[in-house]
Amino acid sequence: MSAKRKILVTSALPYANNSLHLGHLVEYVQTDVWVRFQRLRGHECIYVCASDAHGTPTMLRAEREGIEPEELIAWIAGEHQHDFERFRISVDNYLTTHASENEELTSRVFRKLVEGGHIGRKMIRQAYDEHRNMFLPDRYVRGTCPACGARHQYGDNCESCAATYSPLELKDPVSVVSGTKPTVRESEHLFFRLGNFEEELKAWVPDHVDPAMARKLKEWFDAGLRDWDISRDPPYFGFSIPGESGKFFYVWFDAPIGYMASFLNLCRSAGLDFEAFWGADSTVELYHFIGKDIVYFHTLFWPAVLSGAGFRKPTGVFVHGFLTISGEKISKRRGTFIRASTFVRHLDADYLRYYYASKLGPGPDDIDLNFSDLMAKVNSDLVGKLVNIASRCAGFIHRLNDGVLARELPDDALFAEFAAAADEIAADYNGRNCAAAVRRIMALADRANRYIDEKKPWIMAREDDQRDAVVAVCTQGLNLFRTLILLLKPVIPGVTGRAEQFLGGGELTWADVKEPMLGTRIEEFKALLKRVEADSVEAILSEAREDAALPTTQATRAAAGSEAGQVAQPVETAPAKLVEEIDIEHFAKMDLRVARIAAATYVKGADKLIRLRLDLGDSQRTVFAGIRSAYVPAALLGKHVVVVANLTPRKMRFGTSEGMVLAAGPGGKDIFLLSPDAGAQPGMPVT
RNA sequence: GGUGAUGUAGCUCAGCUGGUUAGAGCGGCGGAUUCAUAACCCGCAGGUCGGUGGUUCAAGUCCACCCAUCACCA
């Protein structure tokens, strides 16, 4: 193992106006696995985080709740911290950016930037809400896109034609806050002269940022680095800018300084040396884990600000992708806005940690969460393979040898094979390729199960003179299990904790991959992890749907975008609209019938369709239904459904569809076929 | 619209600097087994590697264009 490293790690700061959801956890799990791995290897690795408190969204949310912003952020940050604990995210300190340490450091940084000549002033024109007496951030103005005429677009870009513009260019602009038409006002703002750092950044980026991201940054370098507006006018929830009257720091200016502030706060309670970590000549490694949406802030503004203020720059910025659920963006409407707290109320956090880890690579690719996939993966890998090893060996040790392990391993070479693989797995973890690490570990678990299978201790156990051999084989099995548990310790700390208890050898450390456990007593085996039950998953999903039914104000919607939240997992929120009213005659034109599904097959070449053969009593017909994402053919056989029987047949590439079956839901996994209650017969009209 | 990333078996993903019949896990099918939380073990089936064109003795792997998805545009 290499010399002891000194590392400081941060995750992006969750915004303090809303709860954490499963999207946030991708990052915290990724960070925590890496941090726990470094600690397991014996390195000093400190992990800090905080809630991002400032900005217009928190101000407005507090107003809506009828409380002071300080109360709101204390409440939400407390919730965040609680979620961190429940997901076993091992932060050493958690703060909010409204803390005094942050005000102190933000002022210090600002003063240094002023002294260095890195701050300028400029008059700008901005949308203003006369009703609320406030300037409006881009996301708080909506109107008609000047490029394509699409209505209800945000003030910064058009979701319909992707044009970008300023809110002042929108046609028929409306303030999201008051619903009135904004005016335009001028105001003097302070700007950080990013251009002063162009050469320094160009030199810094290639060695500290992923090559793909560096290519992306080229776009900004090519366009020329522009000044960055770091001030805001009141009313604004933030820190006042020293020496200015009625000016506040823009949330994005003080947010990353929150990393330092959280650390400073820790220094004061733990007696650490702040300058040793943040001073210009610090040799400590500093890494930021962030999402791909906030790359610019962390690879341009942030290192420039640090440098200008006389601090060290990050050693690396690690970028991950977003979470999709069943291939779709997280969406309140689809019921996939799943709070961290909802998940953990029904399922062990380790399930999600393992699932994410099994999919996380070092790059900025999005990862997909699919609950049936999660269930299959966790049940098969963790319960069926990993825990199974201990479960199938422990009984023999207790029955035949009073719970005491053999004095030596029957197969040292196999144990050494695992130890050798541990080096490669360590490299995977260190390179943030958790998916690769997990793959290797599961291959070892397969190997361990195969070993037991080959030795067949349950057959040997029938002969009295084979008892020692059985104990030896099971001792081997349990030692392989022990190595596996150790290798997974960064990922599933809850399970490994229970396993350590069971093995009775104290806390596992990395050195244990080379040292088998022999001649000691193990505890009685108890289930280390229960299987994921479909009921729990269903409970989570239905709670999320209930959440979605709660009213969402426009302000929250705006904040769900990336105005200020550091972790701005995009959330889709367009509601399902009611269609135009019709009279009874129109409805009566529809011939709805009960049908029995007589046959159901996949359609080759169609990823959405299932071919249904429907029995309508006196006749049969074929219907292609776009329900493949939610149903398997076998589950449909014999089911009664409702079909639109007089729909004009539609020729498709795969044949003609003679009708349509009725289903509810937004699509994807969430398609729910309508069925009549028991008793309805095929062919019955639905009226 | 510009820029970057991604698109490989039903599902989730590996495939490093181009090189024999494209891999794994899950799911499916068949078999074996009963120590184990219906777990484990053996075997089989499944892919024109998003599309089109090109470079090359040889391309999933390089180039061009196109399509789709995600992100960013201070």
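- For B:A71, the paired nucleotide is B:U3, the pair qualifying as Watson-Crick or G-U wobble because both relevant distances are below 3.5 Å.
- Comparing atom distances between the A:A212 side chain and each of B:A74, B:A5, B:U3 picks out B:A5 as nearest.
- Glycosidic torsion of B:G23 falls outside 90° of 0, placing the base in anti.
- In this structure, A:R432 satisfies the cation-pi test against A:F318, with its NZ or CZ atom closer than 6.0 Å to the six-membered ring centre and inside 45 degrees of the ring normal.
- When the side-chain nitrogen and oxygen atoms of A:R450 are compared with OP1 and OP2 of B:C40, none of them lie within a distance under 4.0 Å.
- No contact: A:L300 has no heavy atom under 4.0 Å from any strand.
- Between A:I290 atom CD1 and B:C72 atom P the separation is 12 Å, expressed in whole Å.
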What pairs of nitrogen or oxygen atoms, one from the protein and one from nucleotides 62-69 of chain B, lie under 3.5 Å apart?
none

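- A:L528 comes within 4.0 angstrom of a base, heavy atoms only.
- For B:G25, the paired nucleotide is B:C11, the pair qualifying as Watson-Crick or G-U wobble because both relevant distances are below 3.5 Å.
- Atom NZ of A:K530 sits in a sparse spot, with 12 or fewer heavy atoms from other residues, nucleotides or ligands closer than 6.0 Å.
- The neighbour count for A:E188 CD, taken as heavy atoms of other residues, nucleotides or ligands under 6.0 Å away, is above 12.
- With sequence neighbours left out, A:D428 forms a side-chain hydrogen bond (donor to acceptor under 3.5 Å, both in side chains) with A:R440.
- Note on A:K218: nothing from the nucleic acid sits closer than 4.0 angstrom, heavy atoms only.
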Under 3.5 Å, N/O pairs linking protein and nucleotides 32-36 of chain B:
unit_1: B:C35; atom_1: O2'; unit_2: A:R392; atom_2: O; d: 3.2
unit_1: B:C35; atom_1: O2; unit_2: A:R392; atom_2: NE; d: 3.0
unit_1: B:C35; atom_1: N3; unit_2: A:R392; atom_2: NE; d: 3.4
unit_1: B:C35; atom_1: N3; unit_2: A:R392; atom_2: NH2; d: 2.6
unit_1: B:C35; atom_1: N4; unit_2: A:R392; atom_2: NH2; d: 3.3
unit_1: B:A36; atom_1: O3'; unit_2: A:S391; atom_2: OG; d: 3.0
unit_1: B:A36; atom_1: O2'; unit_2: A:N388; atom_2: OD1; d: 3.0
unit_1: B:A36; atom_1: O2'; unit_2: A:S391; atom_2: OG; d: 2.7
unit_1: B:A36; atom_1: N3; unit_2: A:N388; atom_2: OD1; d: 3.3

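- We find that CG of A:L382 is positioned 13 Å from P of B:C26, with the value rounded to whole Å.
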Evaluate A:D229 against A:R232 for salt bridge (Lys or Arg N to Asp or Glu O under 4.0 Å), listing each step before the verdict. CA-CA 8 Å; A:D229 187 351; A:R232 290 295 182 268; 3.6 Å; yes
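- Contacts of A:G224 with the nucleic acid, taken as non-hydrogen atoms under 4.0 Å apart, include base atoms.
- Put simply, CD on A:E219 is 13 Å from C1' on B:A5, counting in whole angstrom units.
- In this structure, A:K455 places its NZ atom where only 12 or fewer heavy-atom neighbours from other residues, nucleotides or ligands lie under 6.0 Å away.
- Out of B:G2, B:A74, B:A71, the shortest distance to the side chain of A:L194 is found at B:A74.
- Residue contacts for A:A376: at a heavy-atom cut-off of 4.0 Å it reaches the sugar-phosphate backbone alone, with no base atom in range.
- In terms of position along RNA chain B, the nucleotide closest to A:D368 lies nearer the 5' end than the nucleotide closest to the other residue of the pair A:D368 and A:A223.
- Both cation-pi conditions hold for A:R142 and A:Y154: the charged atom is under 6.0 angstrom from the six-membered ring centre and inside a 45 degree cone around its axis.
- The phosphate of B:A24 has neither OP1 nor OP2 within less than 4.0 Å of any side-chain N or O from A:R440.
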Working note: A:H189 + A:D233, criterion side-chain hydrogen bond (donor to acceptor under 3.5 Å, both in side chains); need CA distance, chi angles, decisive distance, verdict. CA-CA 8 Å; A:H189 278 234; A:D233 291 297; 3.1 Å; yes
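- If you take CG of A:D365 and C1' of B:U6, they are 6 Å apart, rounded to a whole angstrom.
- A:R215 comes within 4.0 angstrom of sugar-phosphate atoms only, judged by non-hydrogen atoms across all strands, and of no base.
- If A:Y355 and A:N433 are placed on RNA chain B by their nearest nucleotide, the residue sitting closer to the 5' end is A:Y355.
- Aromatic ring centroids of A:F301 and A:F192 lie 6.0 Å or more apart.
- Contact annotation for A:K385: backbone-only contact, meaning every heavy-atom pair under 4.0 Å involves sugar-phosphate atoms and none involves a base.
- Within a 6.0 Å sphere centred on CG of A:D468, heavy atoms belonging to other residues, nucleotides or ligands number 12 at most.
- Aromatic stacking is marked for A:W220 over B:A74, as both cut-offs hold: 5.5 Å for the centres and 30° for the planes.
- In this structure, A:K216 does not reach the B:G2 phosphate: none of its side-chain N or O atoms is under 4.0 Å from OP1 or OP2.
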